[in-house]
Participant: 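Pasting a structure here, questions to come.
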Amino acid sequence: MTVDPRAALDRLVAALEAHYAAVVSKSDDDDPAVDDAYDVLADAFEVYDDALGTVHGEATPFYLGEDDDDEDDDEDDDEDDEDDLDDDDLDGEPEVDEV
């Protein structure tokens, strides 16, 4: 099913407005209304971008990153990899065991 890009754009604009309204009226830093509006906005953007590409062969210049939870996992993996390296491994010299 192909989504009409114009309808998807209208939905995206409405999602942007709803997200803004949620942000300016949030009760605290962990207001679930902001999280919900964020999710709706991200979904509306993806639908618009897909519709634009399908119908017109064009894309927006924006990229949605992965969820924060996934990024945290990747950062933890990178830190673990760094912990596995010795200082000797970083200088490019092979280790020589003394006898």
Side-chain angles (χ1 to χ4, degrees):
M1 175 180 94
T2 302
V3 176
D4 174 32
R6 182 66 223 187
L9 176 61
D10 291 342
R11 180 177 171 223
L12 176 59
V13 170
L16 282 164
E17 291 174 351
H19 182 264
Y20 178 76
V23 167
V24 297
S25 66
K26 68 181 179 179
S27 57
D28 61 35
D29 288 340
D30 296 324
D31 192 330
V34 175
D35 292 337
D36 292 344
Y38 176 95
D39 292 338
V40 169
L41 176 55
D43 183 59
F45 168 74
E46 287 181 358
V47 169
Y48 172 68
D49 198 48
D50 289 346
L52 200 61
T54 300
V55 174
H56 298 291
E58 296 292 335
T60 62
F62 308 113
Y63 169 76
L64 290 183
E66 300 297 320
D67 291 340
D68 289 343
D69 294 339
D70 292 341
E71 288 177 14
D72 290 342
D73 291 344
D74 291 343
E75 288 174 11
D76 291 343
D77 291 343
D78 291 342
E79 290 172 9
D80 291 342
D81 292 342
E82 290 173 13
D83 292 341
D84 293 341
L85 295 175
D86 294 334
D87 289 339
D88 293 335
D89 294 338
L90 299 176
D91 65 8
E93 302 272 330
E95 284 187 42
V96 177
D97 292 332
E98 293 183 25
V99 182

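Sequence positions, counted from 1, serve as the residue numbers for this chain. Heavy atoms only: backbone and side chains are in, while hydrogens, waters and symmetry mates are out.
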Participant: Filter on salt bridge (charged side-chain N to carboxylate O under 4.0 Å, His left out), then keep only pairs touching residues 9-22, sequence neighbours left out; what's left?
Facilitator: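 Pairs touching residues 9-22 that pass the test: Arg6-Asp10, Arg11-Asp43.
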Participant: With sequence neighbours left out, what residues match Thr60 under side-chain hydrogen bond (donor to acceptor under 3.5 Å, both in side chains)?
Facilitator: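 Thr60 satisfies side-chain hydrogen bond (donor to acceptor under 3.5 Å, both in side chains) with Asp49 only.
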Participant: Could I get the full list of side chain to side chain contact (heavy atoms under 4.5 Å, CB included) partners for Ala51, not counting sequence neighbours?
Facilitator: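 Partners of Ala51 by the side chain to side chain contact (heavy atoms under 4.5 Å, CB included) criterion, ordered by chain and then number, come out as Val3, Pro5, Ala8.
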Participant: Quick one: sort the Phe45 and Phe62 rings into parallel, tilted or perpendicular, breaks at 30° and 60°.
Facilitator: perpendicular
Participant: Taking it one step at a time, do Val40 and His19 satisfy side-chain contact (heavy atoms from CB on, under 4.5 Å)?
Facilitator: CA-CA 8 Å; Val40 169; His19 182 264; over 6 Å; no
Participant: Please write out which residues are connected to Tyr20 in a hydrophobic cluster, directly or through intermediates, given that two of Ile, Leu, Val, Met, Phe, Trp, Tyr count as joined at side-chain heavy-atom separations below 4.5 angstrom.
Facilitator: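 Under the 4.5 Å side-chain rule, Tyr20 groups with Val24.
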Participant: With sequence neighbours left out, what residues match Asp29 under salt bridge (Lys or Arg N to Asp or Glu O under 4.0 Å)?
Facilitator: Lys26
Participant: Would a single hydrophobic cluster contain both Leu16 and Leu64, if residues Ile, Leu, Val, Met, Phe, Trp and Tyr are joined by side-chain heavy-atom contacts under 4.5 Å?
Facilitator: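 Yes, it is one cluster - the side chains of Leu64 and Leu16 are joined through contacts under 4.5 Å.
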Participant: Looking at Ala22 and Ala37, what are the two nearest heavy atoms and their distance?
Facilitator: CB-CB, 3.9 Å
Participant: What distance do Leu12 atom CG and Glu46 atom CD have between them, rounded to the nearest 0.5 Å?
Facilitator: 11.0 Å
Participant: Under 4.5 Å side-chain heavy-atom separation, chaining through any Ile, Leu, Val, Met, Phe, Trp or Tyr, what else clusters with Val55? Say none if it is isolated.
Facilitator: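 Traced through the cluster, Val55 reaches no other member.
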Participant: Could you tell me which residues satisfy side-chain hydrogen bond (donor to acceptor under 3.5 Å, both in side chains) with Ser27, sequence neighbours excluded, listed by chain and number?
Facilitator: Asp31
Participant: Going by side chain to side chain contact (heavy atoms under 4.5 Å, CB included), name the residues that satisfy it together with Tyr63, two or more places apart in sequence or in a different chain.
Facilitator: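 Side chain to side chain contact (heavy atoms under 4.5 Å, CB included) check on Tyr63 returns Glu66.
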Participant: In the hydrophobic cluster built from side-chain contacts under 4.5 Å, what are the other members alongside Val34?
Facilitator: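 Members besides Val34, by chain and number: Val23.
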